[in-house]
Amino acid sequence: MAEEKKERWMTYMAISTILIAVAATLSTFKGGGFSTRSLLNQTKASDEWAFYQSKSIKSYIYDMRKENLELQTELLKKDKTNDAVVKKYETLIADYEAKIKGYEKEKEEISTLAKGFENLRDDSKRHSDKFGIGVIFLQISILLSSIATLSKKKFVWFCSLALGIVGIFYFVDGFFLFMV
């Protein structure tokens, strides 16, 4: 039996395919992690915006009550016999104004927090997108490497390497985001 001579480039092709497969696996793993982080931050931002909205509604209710009392106070001031009621209404109006100011301050804090979660979401999405693009190129590279193995065509392997390099570039970019 004659032994089939194994070409040296086939060994390099096998090693490069393994390295590209490892990069594809890591890119899939990291991309999924950043995707999950993006989703969690979106949920947190949505929760904060819902909290913001509830504070807005409460503020609006107190504002409407305050306006109503101000109108009633104006009517009661015309009749000098209602000074005790007017004082009580003015106290309530001052209390409502304080609550409205408090809600406005809380809304600012909530808005800042929600925008922070949105920024984290966007950053995680950028990382995830880069890893996703890397996975696409790495998988195509693996496919071409398999075809090169079956057909024993060096040119197909070189194409596989070129796409693998592009995929590894996006994989690395997924960590550092040097290409925005």
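Note that the structure is a prediction, hence the values are computed from the model and not measured.
- The aromatic rings of Phe178 and Phe176 sit parallel, their planes meeting at an angle under 30°, below the 60° perpendicular limit.
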- Item | Residues Arg126, Asp123; criterion side-chain contact (heavy atoms from CB on, under 4.5 Å); working and verdict | CA-CA 5 Å; Arg126 281 191 292 277; Asp123 185 57; 3.6 Å; yes
- Test Phe171 against Phe131 for side-chain contact (heavy atoms from CB on, under 4.5 Å), laying out the working first. CA-CA 5 Å; Phe171 171 67; Phe131 284 119; 3.7 Å; yes
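- Residues satisfying the side-chain contact (heavy atoms from CB on, under 4.5 Å) test with Lys58, not counting sequence neighbours, are Tyr103.
- Closest non-hydrogen pair, His127 versus Leu177, comes out as NE2-CD1, 3.4 Å.
- Counting only residues at least two apart or in different chains, ring-ring contact (aromatic ring centres under 6.0 Å, His included) contacts with residues 68-96 comprise Tyr62-Tyr96.
- Around the CZ atom of Phe169, the shell of radius 6.0 Å holds more than 12 heavy atoms that belong to other residues, nucleotides or ligands.
- Other residues, nucleotides and ligands contribute at most 12 non-hydrogen atoms within 6.0 Å of the CZ atom of Phe29.
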- Item | Evaluation steps, side-chain contact (heavy atoms from CB on, under 4.5 Å), between Ser16 and Leu161 | CA-CA 8 Å; Ser16 67; Leu161 287 176; 3.7 Å; yes
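- The ring pair (Phe, Tyr, Trp, His ring centres under 6.0 Å) search around Phe155 returns none, not counting sequence neighbours.
- Taking 4.0 Å as the cut-off between side-chain N and carboxylate O, Lys125 and Asp122 do not count as a salt-bridged pair.
- Applying the side chain to side chain donor-acceptor pair (under 3.5 Å) test to residues at least two apart or on different chains, none of the pairs has a partner in residues 22-31.
- For residues 168-180, the salt bridge (charged side-chain N to carboxylate O under 4.0 Å, His left out) pairs, not counting sequence neighbours, are Lys130-Asp173.
- Here the closest non-hydrogen pair linking Ile168 and Ala23 is CG1-CB, 4.2 Å.
- No close placement of the Trp9 and Tyr12 rings is indicated, their centers lying 6.0 Å or farther apart.
- Scored by the ring pair (Phe, Tyr, Trp, His ring centres under 6.0 Å) test, Phe158 finds no partners at all (sequence neighbours excluded).
- Residue-environment remark: CD (Gln53) stays at or below the threshold of 12 foreign heavy atoms within 6.0 Å.
- Counting heavy atoms from C-beta outward, Met13 and Glu7 have side chains that stay 4.5 Å or more apart.
- One finds a salt bridge joining Lys99 and Asp95 here, because a Lys/Arg side-chain nitrogen approaches an Asp/Glu carboxylate oxygen to under 4.0 Å.
- Minimum interatomic distance between Leu69 and Thr73 (heavy atoms only, all atoms of both residues): O-OG1, 2.6 Å.
- Taking the charged nitrogens against the carboxylate oxygens, Lys107 and Glu104 do have a contact shorter than 4.0 Å, which makes a salt bridge.
- Judged purely by atom type and a 3.5 angstrom limit, Ser145 has no side-chain atom pairing as donor or acceptor with the backbone of Trp157.
- The pair Glu70-Lys66 meets the salt-bridge criterion, since a charged nitrogen lies less than 4.0 angstrom from a carboxylate oxygen.
- With respect to Glu48 and Lys44, no salt bridge is recorded, no charged nitrogen being found less than 4.0 Å from a carboxylate O.
- Atom CG of Leu138 sits about 11.5 Å away from atom CD1 of Ile133, to the nearest 0.5 Å.
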